[in-house]
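Data block below; observations after.
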Amino acid sequence: MRYIESLNERQKEAVLNTEGAMLVLAGAGSGKTKVITNKISYLIDEKAVYPSSILAITFTNKAANEMKDRVASMLDVRPSWIGTFHSVCSRILRKDIERIGYSKNFVIYDRSDQLTVIRDAVKELDFNSQEYKDTKILPIISKLKGQQINPHDYQKSNYNSIFHRKVGEIYELYEKRLFLNNALDFDDLLIKAVYLLKTEEEVLKYYQKKFQHIFVDEYQDTNGIQYEFIKLLSKGYGNITVVGDIDQSIYGWRGADISNILNFERDFKDSSIVLLEENYRSTSNILEIANNVISYNEERKDKNLFTSNGEGAPVEYHELADNEEEANFVLSKIIELKAEAYKESDFAILYRTNAQSRNFEEAFFKLGVRYRIIGGLKFYDRLEIKDIIAYLKLAINPSDDVAFRRVVNSPKRGIGQTTVDKLTEIAIKNEISLFDVLYVDEFLSNFSKRTENLLKNFRDMMGAIRANAEFLSVKELVEDVIDRTGYIRALEKEDTVEARSRIENVKEFLTVALNFEMTNEDGSIFDFLTQMSLLSDQEKSEDEGDLPSVTLMTVHSAKGLEFPVIFMVGMEEGIFPSSLSIEEGNIEEERRLCYVAITRAEKRLFISSVNLRSMYGKNTYFRPSSFIAEMGDSLEVHKSRANYREYKEEKFISNPFSYTGELNYFKKKPVEKTITKTDDLQVGEKVNHKKFGNGMVVQVKIKDDGDKEYVVAFDTGGIKRLLASISPLERLDG
DNA sequence: TGATGAGCCATTTTT
DNA sequence: TGGCTCATCA
């Protein structure tokens, strides 16, 4: 049978046992996705299960799509109920949420919407906005929601702490606002879905009967409410396969509950366990180090990865002087390995915190090494995009006060803060939405004649958009919004470089809408907005060019990925493990994080720490991470202080690998190149860059050494800083 | 209503 | 260090 041909014994066992509950403990790189997809295919093809009777839950859309693709490539069907917890829940809710008192046109609040609601709540309660900072409060509320602790209980059990009592008040008001705005946050999608299933027998029965087989990927990352969701649904047939790895549980701080996987056997009766320990990704040298480190954890199930991949090169650890040297070390290794036929996309640099990316960025940029940062600037976080989305949200859900506030004066239409404050006051007093205030003449008469007219204009404009939302397609509606609000016209009037870039982004968003329309034939505006909210930023952002580049990211974002060569940088005690985790006694999760990082590597792994690290404008001395000592004897230690400052000058210059051919950075005097003059560009001039394409000079800075730095906004959307002495910029005429 | 500068803060972030 | 927010002033 083709679904088991290429599997090892354990994997076969996991695929062929289709009845009952099964826990697959899958080590890193042990082929868990293959097990899930083959099992789904096997069920459909051999056991005649309808594709729509299979529910498979993942944590990312990317994982969901990969699963769908893999099944489709085997069977030519795409099971539609493969998705994230959140997308599955929103689908269930979109159908039946009216039964629990919400309306079907609910909107989903993303993180920044949530922060806005919290800020407003703190303001309304007149709490200190420093002490009750939105970014501090949000994780608390989210964690509580994940654990299903309501504001009342929270306040009761924390009666002695003023802080927590007040957090409870914010939480309560936050929940109220969301409800009144007809909005659900990410946690609500789960909470309300579970509530719906629990209170509406008919709905529960329907789904219990529908889903004959349930799969959950990354089970170690489920939280309490997610556990309850799958527990409820699986009660119908009891056929549930969960796949996970305790050692890769790195989201405890977000409420993931490791006991879900530890207690699986207890919670699901007559369950079987399959242990996948054969690793197909890494060399045995790499695995040995991973096994060594993780063995120091107490809270785990014994597991030891092995491989038949062979020993490979030793894992190297380099203790370096400072972060600059570290960046140069990485750079020089990349140069070295490139000579051995590795390409840019084979390399990934993993660090504990985003702030650490900077050193590498600078070093790479100077030498023209292509790189991409995961978790960098985000298209969908841009003001203008959020504005357009807010218009759409308000169009389908006039109760959305967050969206209302966002767009009521954007573009500027003379409705200022004072007016909005007054509107808010009326809305709160009468328990209606901001938009509804505009429909009551009595309320409008509170404003000056001029303001009243402005408000009415806004109301009627939104009214027209709302009416059109009924029948226009997604792309047409976006066009309608842009047209009626005069969004682009207002930007055109500004006539600045920045405004022009915003116009480009708005147009780009139109393309996104068009793409959506083409790929989702009967996709409604609801579906579009849901997708916008639920897609992670990484998935949303289009790959900028497809040239191979070195990847820079946090260890967290690296989960689930693999690269031939991994650099684990910043391995210092206090950085990784982070000092906060050490203080809070979360060292085991940090160790798992370390394990995740190690197991991303296929062939080569380089670990580095520095003695002196400058961060936040201060120089601090560090000791090497305690995890280094846990890695064992096979680690090849280099403490010789190979000076990578010296090293780089010779090596880099004699290793020309830069794509644009300019390697003059380290020479004292920039050598004239074939590129036309770049030292007299003015702001506003159009230029061409070999890698980045066409753009416009936005800013010119004269540096201390006399060199000029150009800030250029490229048509592709990126803003780059380029040094006149090395950047291959060409002036474009016209 | 915008521009400017002082002050503040700074893990990890699948949705 | 540097990026962002908020207060203040023109």
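Everything numeric here is computed off the predicted structure, so don't read it as measured data. In what follows, every chain begins at residue 1, and chains take the letters A, B, ... in the order their sequences are listed.
If you measure from atom CD of A:Glu66 to atom P of B:dT14, you get 17 Å, rounded to the nearest angstrom. Atom CD in A:Gln248 sits roughly 16 Å away from atom C1' in B:dT12 (whole-Å rounding). The separation between A:Gln356 atom CD and C:dG2 atom P is 16 Å, rounded to whole Å. At whole-Å resolution of the value, CZ in A:Arg591 and C1' in B:dT12 are 17 Å apart. The CG-P distance, from A:Asn223 to B:dT13, rounds to 18 Å in whole Å. As a whole-Å value, the separation of A:Gln226 CD from B:dT14 P is 14 Å. The CZ-P distance, from A:Phe622 to B:dT11, rounds to 13 Å in whole Å. C:dT1 atom C1' lies 14 Å from atom CD of A:Glu361, rounded to whole Å.
Under the salt bridge (charged side-chain N to carboxylate O under 4.0 Å, His left out) criterion, the residue pairs touching residues 567-577 of chain A are A:Glu572-A:Arg613, with sequence neighbours excluded. Under the salt bridge (charged side-chain N to carboxylate O under 4.0 Å, His left out) criterion, the residue pairs touching residues 586-598 of chain A are A:Arg352-A:Glu590, A:Glu589-A:Arg592, A:Arg591-A:Glu630, with sequence neighbours excluded.
Under 4.0 angstrom from either OP1 or OP2 of B:dT12 there lies no side-chain N or O belonging to A:Asn586. Residue A:Asn354 places no side-chain N or O under 4.0 Å from the OP1 or OP2 atom of B:dT11. In this structure, A:Ser557 does not reach the B:dT14 phosphate: none of its side-chain N or O atoms is under 4.0 Å from OP1 or OP2. Distances shorter than 4.0 Å separate some side-chain N or O of A:Arg358 from OP1 or OP2 on C:dG3.
Here A:Glu590 lies in heavy-atom contact (under 4.0 Å) with a base. A:Asn409 comes within 4.0 angstrom of the backbone, heavy atoms only, and of no base. The residue A:Asp221 sits close to a base: some heavy atom pair falls under 4.0 Å. Within 4.0 Å (heavy atoms only), A:Phe85 reaches no atom of the nucleic acid at all. Among the atoms of the strands shown, base atoms are found under 4.0 Å from some heavy atom of A:Ser578.
Stacking is found between A:Trp253 and the pyrimidine-like six-membered ring of the B:dT12 base under the 5.5 Å centre-distance and 30° plane-angle cut-offs.
Because its glycosidic torsion is within 90° of 0, B:dT11 is reported here as syn.
Judged by closest nucleotide on DNA chain B, A:Arg413 is the one of A:Arg413 and A:Ser581 placed further toward the 5' end. Of the residues near DNA chain B, A:Gly416 and A:Leu580, the one whose nearest nucleotide (by heavy atom distance) lies more toward the 5' end is A:Gly416.
When the ring-ring contact (aromatic ring centres under 6.0 Å, His included) test is applied to A:Phe567, the partners found at least two apart in sequence or on another chain are A:Phe606. Under the rule for a salt bridge (charged side-chain N to carboxylate O under 4.0 Å, His left out), A:Arg413 has no partner lying at least two apart in sequence or in another chain. Checked against ring-ring contact (aromatic ring centres under 6.0 Å, His included), A:Phe264 has the following partners two or more places apart in sequence or in another chain: A:Tyr219, A:Phe268.
Side-chain rings of A:Phe59 and A:Phe85 approach one another, their centers coming within less than 6.0 Å.
In the model, A:Ser87 has no side-chain atom that pairs as donor or acceptor with a side-chain atom of A:Ser90 under 3.5 Å.
Of the candidates B:dT14, C:dG3, B:dT13, the closest approach to any side-chain atom of A:Phe59 belongs to B:dT14. Nearest nucleotide to the side chain of A:His556, out of B:dT14, B:dT13, C:dG3: B:dT13.
Partner of A:Tyr132 under the ring-ring contact (aromatic ring centres under 6.0 Å, His included) criterion, chosen from A:Tyr171, A:Phe163, A:Tyr174: A:Phe163.
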Can you pull every protein N or O that's under 3.5 Å from an N or O on nucleotides 2-10 of chain B?
from  : atom 1 : to       : atom 2 : distance (Å)
B:dC9 : OP1    : A:Gln130 : NE2    : 2.8

